[in-house]
Protein chains: 2
Amino acid sequence: MKDSHRTKLSRFYWAHNRMPSFSEMAGLFGFASKNAVSKVVNRLVEEGIVQKDKTGRLIPGASLKGLAIRGTVGASFPSPAEEELVDVITLDEYLIHNHEATFMLNVSGDSMIDAGIHPGDIVLLERGKTPKHGDIVVAQVDHAWTMKYYEKKGKQVRLVPANKAYPMIFPKEELTITGVVVGVVRRYV
Amino acid sequence: MKDSHRTKLSRFYWAHNRMPSFSEMAGLFGFASKNAVSKVVNRLVEEGIVQKDKTGRLIPGASLKGLAIRGTVGASFPSPAEEELVDVITLDEYLIHNHEATFMLNVSGDSMIDAGIHPGDIVLLERGKTPKHGDIVVAQVDHAWTMKYYEKKGKQVRLVPANKAYPMIFPKEELTITGVVVGVVRRYV
DNA sequence: TGACAAGGTATACGATCGTTCACTATACTA
DNA sequence: TAGTATAGTGAACGATCGTATACCTTGTCA
C-alpha cells in the first residue's frame, strides 16, 4: 500500500520509457483530481523516488531507474546475510561510458573461458579506445574476429587467449583492433 | 552530420532520462523555429530513431535506448568480420524480467569461479522465483549467504559449488533461498 | 463535542506543449 | 535562366501541461 504509488510509477516508466503526466497518474492511482496527484508527487519528490528537472519536469529517481546492490555474497569470511543497501546503479551507467562508441557481440567460442567469458555471453565493446596491457580486445585477424588478451612489452604486441588449447598470436604487420572489451553480461534463462 | 541530430538526441536522453521538448530540440539543433524541429522529428520518426506514443508523446526508438549486437566473436569456425546488425537490445530488457523482484549482490569469493562468476562480478537475483535443478541460487546458510548450484534429485536437495575446493551442502532442515541468479555482469575498468 | 489535520474533489489559471500556415532564402535541375 | 524542391523563420492555434485556490469529507485526539 505504501509502495503502491511507487510500484505503479516504476511499471509505467519501464513500460513507456517516460514518466507519466499528472493526468495519467490520476488514472494510474485512481484519483479524480490532479491536485491529489500533485500532493502525492510532492511527497515522492521529498522521498527521492522521483525528481524534478531544472525545467520542472518529472524524471525518475535513482531507485526507479536503477537496481539496488544489497550486499556481498561468497566472501571467504562469512558475510552477514543482512540486506544493507550498498548502492543503487543503472546497468547502463555501470557498464557503458561512451554510448555512441559502444556495441555488443555474441560470444560463441571458448577461447576466453579462463577469463570467465563463456559461449553465450555477450561482450560490450568500446570502439576507438586504445588498449592497455592486459585488456581484453577483439581484433581482426585473417578476416575473422578474435577475442584475446592484449599484451604489450616494449614495442612487442601479442594476443594471448585465456585457454591453453588456443595459440598465441604475434601480429606481424598492422593489427586492427575492433574494440576493447569493457564489460560482459550473461543471462540465465 | 547526418548522425548529428540523432547523436544529440541520444546524449540528451541519457543525460536527462527523458526526451527533449521541441523547444529544447530547437536549442539542441541550433534552430530558431520549432517548425524546423517538427520537420526533423517527422523524418526521425520515419527512420524509427524516435517514436510517438499513442498519446503523441515522443519516446526513444530502439536504437536510441538500446545497444546494437553486431555479430559473433570467437566461433571455432572463422566468423566473418563483418558488422551485421543482429539485434538491438537494452541491458535492462535483456537481463531483467521482473523489476520489482530483482536486485544485485557483489561477488567476492571464488566458489563459483568454474561457472564463470568471478570475484568483483555483480550477480542479478530474482526474489521469489522457484529454482529449477541446475539453477544458481543464493541461499542463506548459517546466517551467511552462499552462492551455489541448486540440484534436486527426487526430494533430495543439495547445493553444489562450482569450485572443487569448496564443499557441497546438504541442507538438513529448511533451506532459505534468497534468490535465483538470473544474470551476471562484469565491468572491465 | 469541537478542533484539526489528512486526503480527496472541482475548477480556474498562466505557461508550455506540438501543430500548422504563410513566407523567405538557398541550392539543384532542366 | 526559370522552375522547383529543400530547409529554415516567424507567428498563431487549440490542447494539455503542472499549479493554485476553495471546498468537502473523513478519522483522530484532547
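In what follows, every heavy atom counts, from backbone to side chain, and hydrogens, waters and symmetry copies are set aside. Here is how names work: the chains are called A, B, and so on, in the same order as the sequence lines, proteins then strands, and each is numbered from 1. For clarity, every value in this text was computed on a predicted model and none was experimentally measured.
Screening residues 114-124 of chain A for side chain to side chain donor-acceptor pair (under 3.5 Å), with sequence neighbours left out, gives A:D121-A:R186. Evaluation of the side chain to side chain donor-acceptor pair (under 3.5 Å) test over residues 156-165 of chain A, restricted to residues two or more places apart or in two chains, returns A:E151-A:R158.
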Spell out protein contact along nucleotides 7-22 of chain C as letters: B when the base is contacted, S when just the sugar-phosphate is, - when no protein heavy atom is under 4.0 Å; keep the 5' to 3' order. BBBB------SBBBBB
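Annotation for A:V88: hydrophobic cluster partners, listed by chain and number, are A:L85 (ILVMFWY side-chain heavy atoms under 4.5 Å, direct or chained). Counting side-chain heavy-atom gaps under 4.5 Å among Ile, Leu, Val, Met, Phe, Trp and Tyr, the cluster of A:V180 also holds A:V137, A:V141, A:Y150, A:V157, A:L159, A:I169, A:L175, A:I177.
The salt bridge (charged side-chain N to carboxylate O under 4.0 Å, His left out) test applied to B:K132 returns B:D135, not counting sequence neighbours.
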